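This is a predicted model, so every value here is computed, not measured.
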Amino acid sequence: MDHTSADPNRSGDSVDDIARAWLRERPGTPVGSIGVITRIWWIGKLLDDDRRTTVLRLGMDAATLDLLSTLRRSGPPYRLTASEIGRRALVSAGAISQRVARAERTGYVRRTRSAEDGRGVLVELTGEGHAVIERTIDDLLSHEEGLLSPLSTEQRAQLADLLRILFVGLATRAGR
């Protein structure tokens with residue numbers, strides 16, 4: 001089934017068709033979540049595909065972008081423990097280890113010993129990593145601003161607020 005609508009301004013889309021079909025086939029079926037969950041799921045797929053394509057066009061992969069962005073947002077000296085990177089990026093320790101190893105091979109990060117105890121390992125953004133994330137993030141975020149063009153500034157703020165509430169509720173339920 002086509003997940004898009006030929007006319008984005010029409011009153012319904014294929015998600016509405018799915019809900020109506022369930023009600024037709026199974027009267028009384030609780031379909032209220034379909035309008036929200038299915039749309040978020042489909043939007044997530046579209047955004048994931050778009051981000052993957054855009055990031056590749058910019059010469060990077062999504063996992064490296066996530067790692068470098070997490071380090072860059074941490075502020076000077078752009079260094080965190082692997083566990084802190086995992087917590088901030090919502091990724092497992094194993095995934096972080098692979099990401100760090102790959103980014104280290106490309107010269108974007110380096111591992112250093114913690115000055116506090118000498119045993120802990122910190123992951124630090126290199127000069128090259130800093131330069132590449134600066135270029136990449138500007139292009140990516142400008143592109144993604146365009147993806148939100150169907151929404152007014154007020155609608156964006158309202159949607160962000162509603163999604164924040166939903167995310168916090170789901171994350172709490174999942175124990176994150």
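Gln155 CD: more than 12 foreign heavy atoms inside a 6.0 Å radius.
In this structure, Ser69 and Ile133 approach most closely via the heavy-atom pair OG-CD1, 3.5 Å. Minimum interatomic distance between Thr126 and Gly107 (heavy atoms only, all atoms of both residues): OG1-O, 2.5 Å. Nearest heavy atoms, Leu67 versus Ala103: CD2-CB, 3.6 Å. Between Val100 and Val109, the shortest heavy-atom distance links the atoms O-CG2, 3.8 Å.
Here Arg135 pairs with nothing under the salt bridge (charged side-chain N to carboxylate O under 4.0 Å, His left out) rule; sequence neighbours left out. Applying the side chain to side chain donor-acceptor pair (under 3.5 Å) rule to Thr112 yields no partners; only residues at least two apart in sequence or on another chain are considered. The side chain to side chain donor-acceptor pair (under 3.5 Å) check on Asp48 picks up Arg52, with sequence neighbours excluded. Checked against side chain to side chain donor-acceptor pair (under 3.5 Å), Arg26 has no partners two or more places apart in sequence or in another chain. Residues passing the side chain to side chain donor-acceptor pair (under 3.5 Å) test with His130 are Arg72, sequence neighbours excluded. Taking the side-chain contact (heavy atoms from CB on, under 4.5 Å) definition, one finds that Asp139 meets it with Leu58, sequence neighbours left out. With sequence neighbours excluded, the residues forming a side-chain contact (heavy atoms from CB on, under 4.5 Å) with Asp50 are Thr54, His143, Leu147, listed by chain and number.
The shortest side-chain heavy-atom distance between Arg51 and Leu140 falls under the 4.5 Å cut-off. At least one side-chain heavy atom of Arg88 sits less than 4.5 Å from a side-chain heavy atom of Ser74.
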For residues 159-173, please give each side-chain donor-acceptor pair under 3.5 Å, one per line with the distance, not counting sequence neighbours.
from: Asp161; atom 1: OD1; to: Arg164; atom 2: NH1; distance (Å): 2.7
from: Thr172; atom 1: OG1; to: Val168; atom 2: O; distance (Å): 2.7

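Identified under the side-chain hydrogen bond (donor to acceptor under 3.5 Å, both in side chains) test for residues 89-101, with sequence neighbours left out: Asp66-Arg99. Residue pairs meeting the ring-ring contact (aromatic ring centres under 6.0 Å, His included) criterion with at least one member in residues 49-70, sequence neighbours excluded, do not occur. Within the structure, ring-ring contact (aromatic ring centres under 6.0 Å, His included) pairs that include any residue of residues 90-114 do not occur (at least two apart or interchain). Counting only residues at least two apart or in different chains, ring-ring contact (aromatic ring centres under 6.0 Å, His included) contacts with residues 14-38 are absent.
Each of Ile40 and Val15 belongs to its own hydrophobic cluster when Ile, Leu, Val, Met, Phe, Trp and Tyr are linked at side-chain heavy-atom distances under 4.5 angstrom.
In this structure, CG in Leu71 is found 5.5 Å from CG in Leu80, a value given to the nearest 0.5 Å.
Using modelled atom types, no side-chain atom of Arg57 and backbone atom of Thr53 make a donor-acceptor pair closer than 3.5 Å.
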